[in-house]
Each structure stands twice: as C-alpha cells, then as structure tokens.
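Single-structure report; data block below.
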Amino acid sequence: MTNLLFDTLFNGQPELAPCLRLVDGRGTNYGELQVESARVANALSALGVQAGDRVAAQIDKSVAAVALYLGTIRAGAVFLPLNTAYTAREVEYFLNDACPTLFICRTQAKDDLLPVAQTTNTHLETLTADGTAGTWAERLQQSASEFSTLARRADDLAAILYTSGTTGRAKGAMITHGNLASNAKSLARLWEFSQDDILLHALPIFHTHGLFVAINTVMVAGASMRFLTGFDVKQVLEMLPQCSVMMGVPTYYSRLLALEAFNASRVAQMRLFISGSAPMTLETHQAFSNRTGRVILERYGMTETNMITSNPCSGERVPGSVGFPLDGVEIRITDPEANQPLELAAENIGMIEVRGPNVFKGYWQMPEKTAAEIREDGFFITGDLGRVDDRGYLHIVGRSKDLIISGGYNVYPKEIEMHIDRLDGVAESAVIGLPHVDFGEAVTAIVVRRGDAEMDESSISTALTSELANYKIPKRVFFIAELPRNAMGKVQKNVLRETYQDIYA
Ligand code: MCA
Ligand code: AMP
C-alpha cells in the first residue's frame, strides 16, 4: 500500500542519515524521524483520529512538531497548522470551520484555549516549546514505534492551510498528497538538492514556505537541515558557514545585509540563497550581489498552489523576475477585465493564472469560492498581476487583490477594517500597506472618528490586540475627516497610499 506523500518524503534514505539538527547540536536522523512519526500515528489512532480527520496544531517549532506533521500524513489524516501569533478568537474560527478531531496547543496557552476547544467540541492536548513535555509528549512516550502506514492517493487531502480572503473571512485551502509530492520533487530537482546539502531552516513551520517548500524539498533529496526555532539574525549569521542553502522571505535578507559581518567570506561555502513569499526589491537584490557576489534565486508561490515558478539554479537568475513555471505547471496571463479567459501575448500585463499538479483541490466547505477562483478548464486565478517577457521569465508587477504582505505574512485589509469599524467612536476606516524598510510593507490604518469621539492611536491598537494576531495590528493609525472616494463611492486607497507613502522612510 502506498501513501503518496509519506513515501515520497521517506524514499529509502539510510536510517542513520542526518535529517535535522538543532542549534544546540541535538539531532534526528531519518530512521528516528520515521519512528517518531509512527508514535504520532499510533497516538492519533488511539484518540480516534481516522483517515480524513483534521489534526490542528498551534505549537512552537520543534522536532516534535515536524514528527506531528509526518505522523498525521502517515495516519491518513489532514494536518492543520496554525500560526502561533493567532489569538484565541482567531483559533476559534478555524476550529469551528475545520472541525478537527484533535487540537494540540502550547502548554502555556491551555487556559486560553481550553474554552475554545470545549465550545468547538475538539479534544485538546498540550506540548511545550521544545516538544519534550505536555500531555501530547506523554502520549507519544506510551505509543508503539511501529505503525502500518495508511494508503493515500494523489487526490487525498494532506493538509488544510487557512488563508485570509478579500472578504475578511479566512478560507481553508485543501492541499492534496499529489500537490505536495509533485512540488517537492520538482523543487529538489530544479534547485539541485543532494544528500550533501544542509538547509538553514529559520522559517516558521505553520505556513507553506517553512513547512512544505523547506522540509519536503530537503526530505525528498535526503538532505538535512539546521533547524533554528525562529529567525534570529545573529544566530543565522553564525550558522551560515555550516550550511549550503538558505530559504527566506525578503526581510531575512535585508536584516542580514544590515550586519557588517555578513560578507562574501561568511557565505563562501553556501551554494544557494532562495527568496519568496513577498517581492524582493531590486535594491536588496543589488546590495546582496555587491556584498556577497551571489545572486538570490527568487521563486513565486501561493498557499493554494504551492510553488508556481522559479528562477533557474543553473542558468540566468533575473532579479525582479520569478522565473519559469515548474515541471508540469502551466501559467497564462489573461485580461482581468474580460468575462471569459482571454489570454494575452508576451509582454502584456494581466492576471496570472496557473494550472498543474500543484494546484489545490478547493476551499474547505466553500464550493462557491472554489468555483469563483478555479476556472472550468482548471486554471486558478491567483489575483497577482504579471507579464511574461520574451524569454519566458514571469515578472509580478502588482496585485488585483487587496492584500498587504508584511515580513512575508499576508494581511487582508478587509479583516482589519471590519474589526476597527466595530469599535465605538469609529465611523469608518481604510487599511493600507505602505513601504517599510524591514517588513517590505507595513499595515497602516486610516480612521474617521464618529462625531467628536475621543479615540487615539493607542486605543485602537489596544482594542485590536485581543482580537488579531500581532503582525496584523497596524504599525500606525492616522485620523482624517473623511476618506477620499471616487465617483462610484469607492475608497481611493491609491490616494491614501500616496499621501502617507513616506511615513516609515
Ligand atoms: C513580527 N512582527 C511583525 C511581523 N512579524 N510585524 C509585521 N509583520 C511581520 N511579519 C511584530 C510582532 O507583532 C511584534 O510586535 C514585533 O514584530 C516583534 O515580534 P517578533 O516575533 O520578535 O518578530 P520577529 O521575530 O523579528 O519576526 C519578523 C520575521 C517573521 C522574522 C520577519 O515575521 C517571519 O519569520 N516571517 C516569515 C513569514 C513566513 O514564513 N511567510 C511565508 C508564508 P510588537 O512588539 O508590537 O508586539 S507562505 C507564503 O507566503 C507563500 C506560499 C510563499 O510563496 O512562500
Ligand atoms: P500566501 O497566500 O500567503 O501563500 O501568499 C501568496 C502571495 O504571496 C502571492 O499571491 C503573491 O502575491 C505573493 N508572493 C509570493 N512569492 C512572491 C514573490 N517572489 N514575489 C512577489 N510576490 C510573491
């Protein structure tokens, strides 16, 4: 019996081959990780988790978290990782929507989350930051180390990842075994991963980038990772000489460039730097090349599609471009105004659409939203605007969706506006992204007070703190008499962006 993703990830690597090493030197090899995944799968079965059931987790980055992902896949269940920044209110929405059988949370968050688990009828377990204690760790210690892996095919679900929407309501993207297995194999080949590679892994593992792009690609190739529990720029600088590949969001690279000690000799044995999740500016590309003599490889993807395009590993990497479609992936540029898909010729700017084995199955229990975004011919409408140049390189030039990307995290303005508009004393608001040296874009709110209500910047931020993850809280709030609107009554966010463009400069 085959389990497509699990068998793709564990594909005959020697048991003793290293897979993951923490900063303190402790490590796990492929054999040990297999055993841990069996313990997880057994513990899940003991709790009644069956094939297709969701297993939600809001936990810190640890070996146990990786084993949970692998064991969930092995048990035929569906992994649902949640950003550790999400508040209890946000978590409640996800648990209500996905109805997981089990939810594992951080030990210190138990008091906050137990009521949420109870109202959503979800069994709750806990895990400490290092993954070695808590009720879940105790269960694992009592679980057998062998498990008969459940069969799963390409079309079966492996994970649900939530992505906020332009309506302000988060949608669960259903990711299949086929999506992840095909993407991992393509990336390992394209980026020339081998058993000798050591990936510097500093990304969080509750989103596509750190979980799938990083871990799956490493495992498919039988390579290994230096596993940092978070992005600490000094630690990254220290670890670089022990690694051969790094993956990061643009903020990681701009923070490294801010350190003088980050230079060509520090990265002498690195063979590849990869960036994605947000646009990398030409200035950062240029500064990086000047400092290290290397060209960052930029690639493009989405939660719904995994990776879509990438610059070549061998071949010319073009700064400002995200390269060519991956193996088996098709892209087309269409007229965003047309009712039917009207494909545009090279060099024209339009909507980027994508089709291939990487494209998700749809939004969890939202057939209308799925139908609105996946066309009948299988192309997914990304909401990103771009053009393909005459050499076939894709360039992203903007977004048709109202989205802010801050430090690699997506923030949908609508969600923040809905929360601000509910506050006493607020008449209306507009949330925009403004250029920011560290985060690329910074979430910024423009608020119109109701009458002579007394309301200041900090009262808005404080009110939002219990509702929204910290990275979504506006870095600045400005008050104005009225929002600029066009003749149709639509708020002119471009006018606001222009007015406030230099505030973080
Ligand atoms: C933290 N803060 C942020 C962000 N992160 N504010 C805005 N944007 C952010 N991204 C705030 C916190 O709220 C806090 O505010 C203060 O910064 C310090 O928090 P801390 O956790 O210490 O920050 P940090 O460790 O410096 O984190 C910044 C970071 C992190 C390292 C850039 O955000 C990060 O690792 N980002 C990577 C995101 C990622 O993996 N994206 C991939 C998504 P206060 O002090 O006021 O409380 S997958 C994807 O996009 C697709 C599929 C793709 O193509 O990859
Ligand atoms: P998410 O929904 O969190 O997966 O974010 C996906 C979005 O990130 C895409 O639709 C793009 O707008 C953006 N994105 C990802 N990689 C890049 C990149 N290399 N350049 C520009 N935007 C990117």
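On a predicted model such as this, the values are computed, not experimentally measured, just so you know. Note that ligands are numbered from 1 as they come in the structure, with each ligand's atoms numbered from 1 the same way. Heavy atoms only: backbone and side chains are in, while hydrogens, waters and symmetry mates are out.
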Under-4.0 Å protein heavy-atom contact, atom 44 (P) of ligand 1: no
Nearest neighbour in protein (non-hydrogen) for atom 30 (C) of ligand 1: Y409 CE1, 4.2 Å
Does anything in residues 292-324 pair up under ring-ring contact (aromatic ring centres under 6.0 Å, His included), and if so which pairs, sequence neighbours excluded? F324-Y393
Option whose closest heavy atom lies nearest to atom 36 (N) of ligand 1, chosen from S406, G407, G408: G407
For ligand 2, list the protein residues that place a heavy atom within a distance below 4.0 Å of one of its atoms, sorted by chain and number. S277, A278, P279, E298, R299, Y300, G301, M302, T303, V322, D384, I396, R399, K401, I405, N410
Note: ligand 1 atoms sitting under 4.0 Å from heavy atoms of G301 are 54 (O)
Are side-chain N/O atoms of S186 and N183 paired as donor and acceptor at under 3.5 Å? no
Structural part of Y252 in contact with ligand 1, heavy atom criterion under 4.0 angstrom: side chain
For R299, the ligand 1 atoms with a heavy-atom partner under 4.0 Å come out as 53 (C), 54 (O), 55 (O)
Taking the side chain as everything from C-beta on, heavy atoms only, tell me whether L200 gets closer than 4.5 Å to L240. yes
Does some non-hydrogen atom of the protein lie less than 4.0 angstrom from atom 40 (O) of ligand 1? yes
Going by ring-ring contact (aromatic ring centres under 6.0 Å, His included), name the residues that satisfy it together with F288, two or more places apart in sequence or in a different chain. Y253, F262, F273
Which of these, A202, P474, S277, G230, has its nearest heavy atom closest to atom 51 (C) of ligand 1? S277
In this structure, atom 24 (P) of ligand 1 is nearest to the protein heavy atom R255 NH1, 4.0 Å
Does a salt bridge link R169 with E415, judged by any charged N lying under 4.0 Å from a carboxylate O? no
Is atom 55 (O) of ligand 1 close to the protein, meaning a heavy atom under 4.0 Å from it? yes
Closest to atom 6 (N) of ligand 1 among protein heavy atoms sits K475 NZ, 2.8 Å
Protein heavy atom at shortest distance from atom 25 (O) of ligand 1: F231 O, 4.2 Å
If you measure from each non-hydrogen atom of Y471 to ligand 1, which part falls under 4.0 Å: side chain, backbone, both or neither? both
Salt bridge flag under 4.0 Å for residues R332 and E343: no
With a cut-off of 4.0 Å, which atoms of ligand 1 are near a heavy atom of H207? 43 (C), 48 (S)
Can we say D197 and R271 salt-bridge, meaning some charged N sits less than 4.0 Å from an Asp/Glu carboxylate O? yes
Show which atoms of ligand 1 fall inside a sub-4.0 Å distance from at least one heavy-atom site of M302. 52 (C)
Could you check E417 against K493 for salt bridge (Lys or Arg N to Asp or Glu O under 4.0 Å), going step by step and ending with a plain yes or no? CA-CA 13 Å; E417 288 160 5; K493 290 198 170 178; 2.6 Å; yes
Cation-pi check for F227 against K61: NZ or CZ below 6.0 Å from the six-membered ring centre and within 45 degrees of the axis, yes or no? yes
Verify the contact flag for atom 1 (C) of ligand 1, where contact means a protein heavy atom under 4.0 Å away. no
Establish whether atom 10 (N) of ligand 1 and some protein heavy atom are separated by less than 4.0 angstrom. yes
Give the residue, atom name and distance (to 0.1 Å) of the protein heavy atom nearest atom 14 (C) of ligand 1. N470 ND2, 4.4 Å
Centroid-to-centroid, F212 to H207, below 6.0 Å? no
Element-labelled atoms of ligand 1 that are located less than 4.0 Å from some non-hydrogen atom of P204: 35 (O), 40 (O)
Flag the pair K171 and E373 as a salt bridge only when some basic side-chain nitrogen lies within less than 4.0 angstrom of an acidic carboxylate oxygen. yes
As an exercise, identify every atom of ligand 1 less than 4.0 angstrom from a heavy atom of L203. 40 (O)
What is the closest protein heavy atom to atom 17 (O) of ligand 1, and at what distance does it sit? F439 CZ, 4.1 Å
Determine if the distance from atom 22 (O) of ligand 1 to the closest protein heavy atom is below 4.0 Å. no
Listed by chain and number, what are the side-chain hydrogen bond (donor to acceptor under 3.5 Å, both in side chains) partners of Q365, not counting sequence neighbours? none
With a distance cut-off below 6.0 Å to the six-membered ring centre and an angular limit of 45° from the axis, does K369 pair with Y363 as a cation-pi contact? no
Go through the steps for R26 and D24 under the test salt bridge (Lys or Arg N to Asp or Glu O under 4.0 Å), then give the verdict. CA-CA 6 Å; R26 281 182 302 135; D24 65 12; 3.0 Å; yes
Ring-plane angle category for W191 and F193, please: parallel below 30°, perpendicular beyond 60°, tilted otherwise. tilted
In ligand 1, the atoms that come under 4.0 Å of a heavy atom of T303 are 52 (C)
Could you grab the distance from atom CG of L237 to atom CZ of R255, nearest 0.5 Å is fine? 14.0 Å
Quick one: which ligand 1 atoms are inside 4.0 Å of a heavy atom on T251? 32 (C)
Among all protein heavy atoms, pick the one closest to atom 48 (S) of ligand 1 and tell me residue, atom and distance. H209 N, 3.6 Å
Assess the pair Y504 and F439: is the distance between their ring centroids shorter than 6.0 Å? no
Should the ring pair Y162 and Y93 be called parallel, tilted or perpendicular, given that the plane angle runs from 0 to 90° and is split at 30 and 60? perpendicular
